[in-house]
There are 2 protein chains.
Amino acid sequence: MNNVQEESLRERKRIQRRVLLLDIGHRLIATKGLRSLKVRDVAEAAGCSIGSVYNEFGDFDGLILTVNRETVQALTKRLTAVPTGNPVHQLHGLADTYLAFATEHPNLLRALFEHRMENDRPFPEDILLMVMEAFSLMHAPLVQLLPDRDGEDVAQLARMMFSAVHGIISLGLEERMVAVPPEQLRQRLAQFIDTHLAGLGISPG
Amino acid sequence: MNNVQEESLRERKRIQRRVLLLDIGHRLIATKGLRSLKVRDVAEAAGCSIGSVYNEFGDFDGLILTVNRETVQALTKRLTAVPTGNPVHQLHGLADTYLAFATEHPNLLRALFEHRMENDRPFPEDILLMVMEAFSLMHAPLVQLLPDRDGEDVAQLARMMFSAVHGIISLGLEERMVAVPPEQLRQRLAQFIDTHLAGLGISPG
DNA sequence: GGACGAAAATGAACAATGTTCAAGAAGAAT
DNA sequence: ATTCTTCTTGAACATTGTTCATTTTCGTCC
């Protein structure tokens with residue numbers, strides 16, 4: 001066996017199929033929602049057998065979790081791309097970006113937050129860490145704005161703030177619950193953040 | 001047929017069974033989560049056939065939705081019992097009460113917000129209205145605190161505020177996501193509300 | 001480049017679970 | 001008591017996640 005990282009035919013095909021399966025799973029969740037995702041649909045769309053999905057992901061949860069992993073990575077990527085110059089602008093940018101992502105990919109985001117494991121199996125640690133990382137992105141700008149506050153205090157504040165933004169967005173976009181138009185939601189969200197910052201003693205910059 | 005509202009034997013037994021089924025569904029969701037709820041388990045626990053569940057609720061969603069209806073009613077009952085004297089205290093009381101309910105009945109609350117209908121059937125209008133009603137309970141105290149603001153503006157503000165509280169609580173209690181201890185969460189939530197009220201130009205009273 | 005063994009792909013069969021419905025049981029009406 | 005209506009039942013069905021013996025493909029060695 002050649003130990004060099006040379007891709008065998010097997011490995012190439014495996015990866016190619018894995019990517020295909022993920023792409024299909026991604027698209028099906030995005031278009032029809034997590035609840036409508038079926039192993040057989042995925043296998044058929046990929047032109048392979050049901051067993052192959054299991055070979056690649058262990059079980060169905062494995063596929064879903066991998067799509068969710070991609071979702072949180074895509075979200076984090078966009079959130080980290082928000083300019084860091086002005087901390088107040090950055091906070092607004094983070095909220096706006098989160099809203100934009102939620103508007104563009106509502107089903108993917110829901111799948112990330114609503115998916116429950118089968119039989120109380122533990123939630124994968126790495127996804128948890130990625131979500132926490134995304135949520136802590138408000139930490140840095142808040143530290144800049146509140147240099148005198150206790151570190152742990154600001155960390156919790158950042159988490160509260162992002163959780164609040166998440167709540168406003170996820171309920172606001174929930175088409176079941178009298179959805180607010182995205183543009184109006186965007187303004188309300190900005191207003192909400194300004195109000196909260198004002199409460200923290202920070203002027204809207 | 002006697003048109004008076006006299007309970008026939010049939011009707012009495014039906015109602016008795018309906019109550020029993022709901023109680024069982026309620027308890028199973030509360031203890032093991034919506035995902036673990038199975039028609040057969042409910043029927044067996046009630047000592048009746050599977051078909052009877054369908055007779056009473058049409059389909060499985062029907063049972064779940066009825067439990068959810070009870071959940072939102074129980075929540076609303078507790079929220080409306082919050083004292084109305086001091087508007088600032090009332091807002092804190094509403095948040096506290098919501099947190100207490102979420103702590104005591106996490107699976108029931110999750111079932112209410114996470115349940116998706118089969119096949120994109122429409123979400124029942126009445127549940128939607130009840131949830132909106134619960135969420136608008138912050139409206140009255142905010143009107144008192146902000147008498148000069150536009151009505152629609154305050155309504156949206158109330159909804160934002162409750163959505164934010166909901167986000168903080170539901171993510172904060174999510175055991176998957178590094179759950180914050182309820183007592184700490186209670187304090188953080190109070191702090192969050194005070195900060196926001198301060199941002200609105202209202203002193204903590 | 002053919003033979004052998006390892007690895008992967010397959011899909012029929014199974015298991016779990018929501019749903020239907022013909023047949024029987026139970027209640028109401030006369 | 002008889003008849004009619006309604007409800008109850010649970011076997012059978014439909015859908016969907018999962019397993020695994022069989023077959024196919026791929027890598028390796030001569």
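Basis for what follows: all heavy atoms, side chains included, without hydrogens, waters or symmetry-related copies. In what follows, every chain begins at residue 1, and chains take the letters A, B, ... in the order their sequences are listed. Nothing here was measured: the structure is a model prediction, and the numbers come from that model.
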**Polar side-chain atom of B:His92 near backbone of B:Val88 as donor-acceptor pair, under 3.5 Å** = yes
**Message:** Would you say A:Arg17 places a side-chain N or O within less than 4.0 Å of OP1 or OP2 belonging to C:dT10?
**Reply:** yes
**Message:** From CZ of B:Arg35 over to C1' of C:dT17, roughly how many Å is that when rounded to an integer?
**Reply:** 13 Å
**Request:** Rounded off to whole Å, could you give me the CD-to-P distance for the A:Glu44 and C:dT10 pair?
**Result:** 13 Å
**Contact under 4.0 Å: A:Arg14 side-chain N or O vs C:dA7 OP1/OP2** = no
**Request:** Write down the atom of B:Arg159, the atom of A:Gly172, and the distance for their closest heavy-atom approach.
**Result:** NH2-CA, 4.4 Å
**Asked** In whole Å, what is the span from the CD1 atom of B:Ile64 to the C1' atom of C:dT19?
**Response** 14 Å
**Message:** Do A:Glu114 and A:Leu34 make a side-chain contact, defined as non-hydrogen atoms from C-beta onward lying under 4.5 Å apart?
**Reply:** no
**Prompt:** NE2 of B:His115 versus C1' of C:dG18: gap in Å, rounded?
**Reply:** 13 Å
**Message:** Whole angstroms only, please: what is the CG-P distance between B:Leu28 and C:dT17?
**Reply:** 13 Å
**Request:** Whole angstrom is fine here: how far is it from CZ in B:Arg10 over to P in D:dT8?
**Result:** 8 Å
**Complete:** Scoring nucleotides 10-24 of chain D by protein non-hydrogen atoms under 4.0 Å (B base, S sugar-phosphate only, - none) yields B-B---BBBB-----
**Spacing between B:Asp41 atom CG and C:dA16 atom P, to the nearest angstrom** = 12 Å
**Message:** Any non-hydrogen side-chain atom of A:Leu145 less than 4.5 Å from a side-chain atom of A:Leu91?
**Reply:** yes
**Message:** Atom CD of residue position A:Glu44 - does it have more than 12 heavy atoms of other residues, nucleotides or ligands inside 6.0 Å?
**Reply:** no
**Asked** Nearest heavy-atom pair of B:Arg186 and B:Leu99: which atoms, and what distance?
**Response** CA-CD2, 3.5 Å
**Item:** Nucleotide C:dA9, atom P - distance to CD1 of A:Ile15 in whole Å
**Value:** 12 Å
